[in-house]
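Worth saying up front: this structure is predicted, and the values here are computed from it rather than measured. Residue numbers start from 1 in every chain, and the chains themselves are labelled A, B, ... in the order their sequence lines are given, proteins ahead of strands.
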Protein chains: 2
Amino acid sequence: MNRPNPATDPCSLARGLAEVGDWWSLMIIREAMYGTRRFSDFQQNLGIARNILSDRLNKLVERDILRKVDAGEHGTRFEYRLTDKGRDLFVVLTALRQWADKWVFQNEPPFLLVDRISDRPVQQVQVLDADGQPLKLHQVAIAAS
Amino acid sequence: MNRPNPATDPCSLARGLAEVGDWWSLMIIREAMYGTRRFSDFQQNLGIARNILSDRLNKLVERDILRKVDAGEHGTRFEYRLTDKGRDLFVVLTALRQWADKWVFQNEPPFLLVDRISDRPVQQVQVLDADGQPLKLHQVAIAAS
DNA sequence: GACATTAGTTTTAATTTGCAACCTTATTGA
DNA sequence: TCAATAAGGTTGCAAATTAAAACTAATGTC
């Protein structure tokens with residue numbers, strides 16, 4: 001890691017990646033979004049090594065993406081639950097999921113994200129301008145804030 | 001990498017992550033979105049080791065996210081340009097950028113993404129249902145397609 | 001012809017990962 | 001009561017990945 005120190009990089013993207021841009025971290029977050037909360041469930045569902053899982057869970061707790069909660073009366077079992085910050089990654093993961101639906105599965109993905117109530121697929125995530133018009137990459141710029 | 005083989009995982013998210021879910025790959029894609037095209041420019045702007053850059057550029061070309069183009073007449077200089085598939089990651093990176101703007105920079109990021117023409121900031125990326133209503137994590141489900 | 005630039009590859013060392021085994025504290029059950 | 005099992009780790013070691021630096025090789029420039 002000789003990245004131009006991600007923790008002080010002024011680019012939000014780099015800083016965001018420094019917090020969650022790691023395969024296992026993102027898989028753990030996905031798993032948490034599916035409802036998984038226990039160490040051994042993460043371990044079995046993901047097939048991840050226990051030391052790596054332990055390390056990633058600790059980092060995600062440090063970064064306030066997961067919260068470690070006492071479950072069961074006597075403090076020997078725990079649950080890892082998404083915080084608001086963690087839940088807010090939903091849109092990021094959804095955008096990536098849709099990208100892969102389109103480009104990896106050629107628009108024929110095995111699973112679809114649907115609205116629980118109507119059971120209809122969610123819309124394609126987009127970048128919109130202030131008037132609600134879709135924007136392409138070449139139509140945007142980075143401005144000092 | 002003893003991940004339950006990402007290349008055959010039926011989850012789009014896992015498959016997407018297997019293609020771009022790597023710190024350097026995403027930084028290279030960001031850099032490409034800013035307009036960088038040459039090996040040495042990527043190298044200098046990112047401060048990445050040359051062997052790692054070489055490896056990641058090759059993988060991104062393999063995955064059809066970048067295209068390697070002869071620049072200059074005689075074939076000793078090249079450009080790496082985003083493909084449509086690569087450009088389509090714009091919304092994913094924008095969602096992550098906005099997440100970090102909010103949660104890492106507490107809504108006071110050093111830079112903002114703006115619409116080139118009006119110079120106004122882009123809207124917050126959202127997950128919308130079929131009627132255009134914003135959806136939260138707990139309002140969606142995964143359905144076989 | 002001498003030197004610089006571009007785009008790498010090679011080599012070596014440091015770091016990270018994966019795997020297996022072990023540990024500690026409950027809880028179950030015979 | 002005592003063994004067995006489960007949860008949630010930690011430790012040690014081998015293997016894989018990464019970083020930094022040096023080295024190539026093909027033009028291009030003075």
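Applying the side-chain contact (heavy atoms from CB on, under 4.5 Å) criterion to B/Ser40, with sequence neighbours excluded, gives B/Gln44. For B/Pro121, the side-chain contact (heavy atoms from CB on, under 4.5 Å) criterion is met by B/Leu112, not counting sequence neighbours. In this view, B/Arg87 and A/Leu137, B/Leu82, B/Asp84 satisfy the side-chain contact (heavy atoms from CB on, under 4.5 Å) rule, not counting sequence neighbours. Remark: B/Arg38 engages B/Asp41, B/Arg77, B/Glu79 in a side-chain contact (heavy atoms from CB on, under 4.5 Å) (not counting sequence neighbours).
A salt bridge links B/Lys102 with A/Asp88: the closest approach of a Lys/Arg side-chain nitrogen to an acidic carboxylate oxygen falls below 4.0 angstrom.
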Dump every N/O contact between nucleotides 6-9 of chain D and the protein below 3.5 Å, one line per pair.
residue, atom, partner, partner atom, Å
D/dG8, OP1, A/Arg38, NE, 3.4
D/dG8, OP1, A/Phe78, N, 2.9
D/dG8, OP1, A/Phe78, O, 3.1
D/dG8, OP2, A/Ser40, OG, 3.3
D/dG8, N7, A/Arg50, NH2, 2.6
D/dG9, OP1, A/Lys68, NZ, 3.2
D/dG9, OP2, A/Tyr80, OH, 2.4
D/dG9, N7, A/Arg50, NE, 3.0
D/dG9, N7, A/Arg50, NH2, 3.0
D/dG9, O6, A/Arg50, NE, 3.3

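When rounded to the nearest whole Å, the span between CG of B/Asp55 and C1' of D/dA16 equals 13 Å. At whole-Å resolution of the value, CZ in B/Arg37 and P in C/dA7 are 13 Å apart. For the pair B/Gln43 CD and C/dT5 P, the interatomic distance rounds to 14 Å; values are reported in whole Å. The interatomic distance linking B/Asp70 (CG) with D/dA26 (P) rounds to 15 Å, in whole Å. C/dT16 atom P lies 13 Å from atom CD1 of B/Ile52, rounded to whole Å. One atom, CZ of A/Arg56, and another, P of D/dT10, lie 14 Å apart when rounded to the nearest Å. Whole-Å rounding puts the A/Leu53 CG to D/dT11 C1' distance at 16 Å.
B/Asn51 comes within 4.0 angstrom of a base, heavy atoms only.
Here salt bridge (Lys or Arg N to Asp or Glu O under 4.0 Å) pairs that include residues 44-57 of chain B, with residues two or more places apart or in two chains, are B/Asp22-B/Arg56, B/Asp55-B/Lys59.
Regarding contacts with the backbone of C/dG18, a side-chain N or O of A/Trp24 is found under 4.0 angstrom from either OP1 or OP2.
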